[in-house]
Amino acid sequence: MKTVNVVGGGWAGLAAAVRATQLGFKVRLLEAAPQLGGRARRVMHDGLALDNGQHILIGAYTSTLGLMKTLGLNTQETLHRQPLDLRFIDGTGLQLNHWPAPLNVLMGVATAKGWSWRDRWAFLRRAQAWQNAGFVCDASTTVGQLCHGLPTPVIEQLVEPLCVSALNLTSEHASGQVFLRVLKDALLSGAGSSDTLIPRIDLSQLLPDAALSWLQSHGAEVVLGERVSEMPKGLVLLACPAWQAAELTQSIAPSWAMQAQSLKHTAIATVYARCTRSLDWPSPMLALRHDHQSPAQFAFDKGRLAGTPDMQGLVAMVVSDCTLERDAVTAAVLQQAQQQLGLSLTWLTTVVEKRATFACTPGLQRPAMQVAKSVWACGDHVAGPYPATLEGAVRSGYAAAQALMS
């Protein structure tokens with residue numbers, strides 16, 4: 001059996017390690033942190049299992065869901081599935097139903113509260129134009145340019161929430177081409193592809209813990225708390241962050257290292273707080289009206305999701321593309337909760353992942369999967385059609401492991 005060193009135990013590294021093991025390689029997984037999961041993992045706060053950021057999946061994330069099945073996870077129990085729901089607390093906004101596509105989209109648009117018939121018709125015409133063009137646009141186009149001319153309710157209640165949640169950038173800076181790819185997969189990938197899947201358990205339980213057990217039971221070696229300072233010998237899959245991969249490859253692939261090092265990143269902040277009263281939201285996930293003074297885009301009822309006593313009243317409010325410092329974003333979000341949701345919250349903690357995702361801007365050239373002879377890279381930052389999502393990471397890990405066969 002040939003040995004492959006997987007450097008990095010985030011979701012891309014775990015996917016690569018599992019697939020390489022399935023392909024018959026002996027896997028040695030090296031992770032610098034004391035736990036697996038990378039930027040989607042459990043964090044503890046006063047004995048409470050939280051996450052380093054609130055993540056959601058969609059039904060179109062077939063590779064991630066397939067990996068969970070391989071690891072023996074029951075996604076019906078671990079994920080709360082619901083049709084796409086981007087409504088605000090007052091009920092305005094878009095909500096889809098369980099009908100097959102595209103009927104679910106047509107009905108959702110037809111019944112969107114706060115949209116005029118002019119708004120509905122404008123969006124449907126634009127969506128038809130995107131489909132006729134094969135969901136492709138010029139690489140230099142931003143989401144804002146792609147959606148220019150659409151009515152304000154469509155922009156504020158559909159385009160901006162989808163853009164910032166999928167690409168972690170506002171529409172004026174995000175890649176229109178990548179946005180179209182996400183729309184295509186969500187709306188046209190079959191039944192349930194646009195469904196929102198929200199974790200009921202912490203992110204480490206959702207995949208990394210099961211991956212560790214699976215790998216060890218299949219003969220893989222997993223080494224935690226060991227930072228790799230120089231490139232291992234033999235076959236290597238670099239599943240570490242872009243900046244660390246750049247350091248390791250400087251001497252063997254300087255051009256690749258320079259491209260990886262040049263990637264810009266954006267932050268995500270998650271404010272955890274507790275409410276003393278029960279929440280009567282229409283969904284465990286609410287869209288929020290946001291601006292610089294009210295920066296959170298979504299709020300999550302963790303008690304309703306988990307159903308456990310320790311989570312009752314716990315609210316997670318997420319700020320994508322966060323530009324504020326930790327104290328400032330905490331104060332702004334708590335005030336936003338009071339103003340928009342009528343909640344007086346007791347703050348628990350704020351987790352800021354400063355380099356949560358690469359900045360998915362128009363025309364961005366991402367590092368290639370092939371780094372050098374016997375060295376491949378994987379991760380959501382590696383060249384591919386997806387933004388920095390869990391699905392992008394898993395697909396990249398699978399592709400890198402498959403490349404070992406060549």
Side-chain angles (χ1 to χ4, degrees), residues 11 40 51 53-69 73-89 91-109 111-113 156-168 179 181-203 206-207 268 270 279 281-290 296-307 311 315-320 357 386-394:
W11 287 46
D51 294 311
Q54 178 69 50
H55 287 258
I56 60 174
L57 297 85
I58 61 173
Y61 287 1
T62 54
S63 294
T64 305
L65 295 173
L67 175 58
M68 291 176 178
K69 183 177 180 180
L73 293 165
N74 185 342
T75 56
Q76 292 184 338
E77 295 179 355
T78 59
L79 295 169
H80 170 82
R81 178 186 282 265
Q82 65 181 39
L84 180 67
D85 189 343
L86 298 176
R87 290 175 297 169
F88 301 109
I89 188 66
T92 59
L94 180 77
Q95 180 190 22
L96 302 189
N97 56 30
H98 290 289
W99 291 6
L103 295 178
N104 61 338
V105 177
L106 293 173
M107 180 56 70
V109 171
T111 58
K113 187 178 178 181
E156 293 182 349
Q157 299 175 26
L158 176 61
V159 174
E160 281 291 352
L162 285 180
C163 180
V164 77
S165 61
L167 278 70
N168 198 26
F179 181 72
R181 173 58 188 263
V182 173
L183 278 184
K184 177 184 177 183
D185 283 3
L187 301 180
L188 298 176
S189 294
S193 61
S194 61
D195 287 356
T196 302
L197 282 64
I198 315 172
R200 295 183 179 275
I201 55 180
D202 68 70
L203 291 175
L206 188 61
L207 188 134
I268 297 178
T270 305
L279 303 175
W281 299 352
S283 165
M285 182 183 84
L286 278 182
L288 301 172
R289 292 181 171 86
H290 60 278
Q297 296 95 3
F298 293 97
F300 295 83
D301 181 351
K302 301 291 284 186
R304 182 170 169 184
L305 289 167
M311 288 289 177
V315 177
M317 300 184 69
V318 179
V319 182
S320 296
T357 70
Y386 268 81
T389 58
L390 297 176
E391 178 73 0
V394 170

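It should be emphasised that the depicted structure is a prediction, and the values quoted were computed from it without experimental measurement.
Closest approach of Gly108 and Leu96 over heavy atoms only: CA-CD2, 4.0 Å. Shortest non-hydrogen contact noted between Ala287 and Phe88 is O-CD2, 3.2 Å.
With sequence neighbours excluded, the residues forming a side-chain contact (heavy atoms from CB on, under 4.5 Å) with Ala306 are Thr308, Met311, listed by chain and number. Asp195 meets the side-chain hydrogen bond (donor to acceptor under 3.5 Å, both in side chains) test with Arg81; sequence neighbours excluded. The salt bridge (charged side-chain N to carboxylate O under 4.0 Å, His left out) check on Arg289 picks up Asp90, with sequence neighbours excluded. By the side-chain hydrogen bond (donor to acceptor under 3.5 Å, both in side chains) test, Asp301 pairs with no residue at all, sequence neighbours left out. Qualifying side-chain contact (heavy atoms from CB on, under 4.5 Å) partners for Ala296, counting only residues two or more places apart in sequence or in other chains: Leu288, Met317, Val319, Val333, Gln336. Take Ile58 and apply the side-chain contact (heavy atoms from CB on, under 4.5 Å) test, not counting sequence neighbours, and it matches Ala60, Tyr61, Ala186. For the side-chain hydrogen bond (donor to acceptor under 3.5 Å, both in side chains) test, no residue two or more places apart in sequence or in another chain qualifies with His55. Applying the salt bridge (charged side-chain N to carboxylate O under 4.0 Å, His left out) rule to Arg87 yields the partners Asp85; only residues at least two apart in sequence or on another chain are considered. Here Glu391 pairs with Arg395 under the salt bridge (charged side-chain N to carboxylate O under 4.0 Å, His left out) rule; sequence neighbours left out. By the side-chain contact (heavy atoms from CB on, under 4.5 Å) test, Leu187 is found to be paired with Val105, Leu183, Ser194, residues two or more places apart in sequence or in another chain being considered. Qualifying side-chain hydrogen bond (donor to acceptor under 3.5 Å, both in side chains) partners for Arg304, counting only residues two or more places apart in sequence or in other chains: none.
Considering only heavy atoms from C-beta on, Val182 stays 4.5 Å or farther from Leu162 through its side chain. Two residues are said to be in side-chain contact when any heavy atoms from C-beta on lie closer than 4.5 Å; Thr64 and Trp11 meet this criterion. Met68 is listed as a side-chain neighbour of Leu206, based on a closest heavy-atom distance under 4.5 Å. You'll find the side chain of Trp281 reaches within 4.5 Å of the side chain of Val315, heavy atoms only. Here the side chains of Tyr386 and Asp185 are in contact, with some heavy-atom distance below 4.5 Å. Side-chain contact between Leu67 and Leu207 is present, with at least one heavy-atom pair separated by less than 4.5 Å. Between Pro161 and Phe298 the shortest side-chain heavy-atom distance falls below 4.5 Å. Side-chain atoms of Phe300 and Val318, non-hydrogen and from C-beta on, do get closer than 4.5 Å to each other.
Side-chain contact, Lys113 with Gln95: no donor N or O sits under 3.5 Å from an acceptor N or O. A donor-acceptor contact under 3.5 angstrom links the side chains of Gln82 and Ser283, judged on distance only.
In this structure a side-chain-to-backbone donor-acceptor pair under 3.5 Å is present from Thr389 to Gly392. Using a distance-only test at 3.5 Å, with no hydrogens or angles considered, a donor-acceptor pair links the side chain of Thr111 to the main chain of Met107. Between the side chain of Arg200 and the backbone N or O of Leu305 there is at least one donor-acceptor pair closer than 3.5 Å. Formation of a donor-acceptor pair under 3.5 Å by the Asp51 side chain with backbone atoms of Leu203 is found in this model.
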Query raised in the report: After noting the C-alpha distance and the side-chain angles of Lys69 and Asn74, does the key distance pass the side-chain contact (heavy atoms from CB on, under 4.5 Å) rule?
Result: CA-CA 7 Å; Lys69 183 177 180 180; Asn74 185 342; over 6 Å; no
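Note: His290 NE2 to Ser320 OG = 9.0 Å, rounded to the nearest 0.5 Å. Rounding to the nearest 0.5 angstrom, the gap separating the NE2 atom in His80 from the CD1 atom in Ile56 is 11.5 Å. With rounding to the nearest 0.5 angstrom, the CG atom of Leu79 is 9.5 Å from the CD1 atom of Ile198. The line from CG of Asn168 to OG1 of Thr357 is 3.5 Å long, rounded to the nearest 0.5 Å.
Among residue pairs with one or both ends in residues 93-104, none qualify as salt bridge (Lys or Arg N to Asp or Glu O under 4.0 Å); sequence neighbours excluded.
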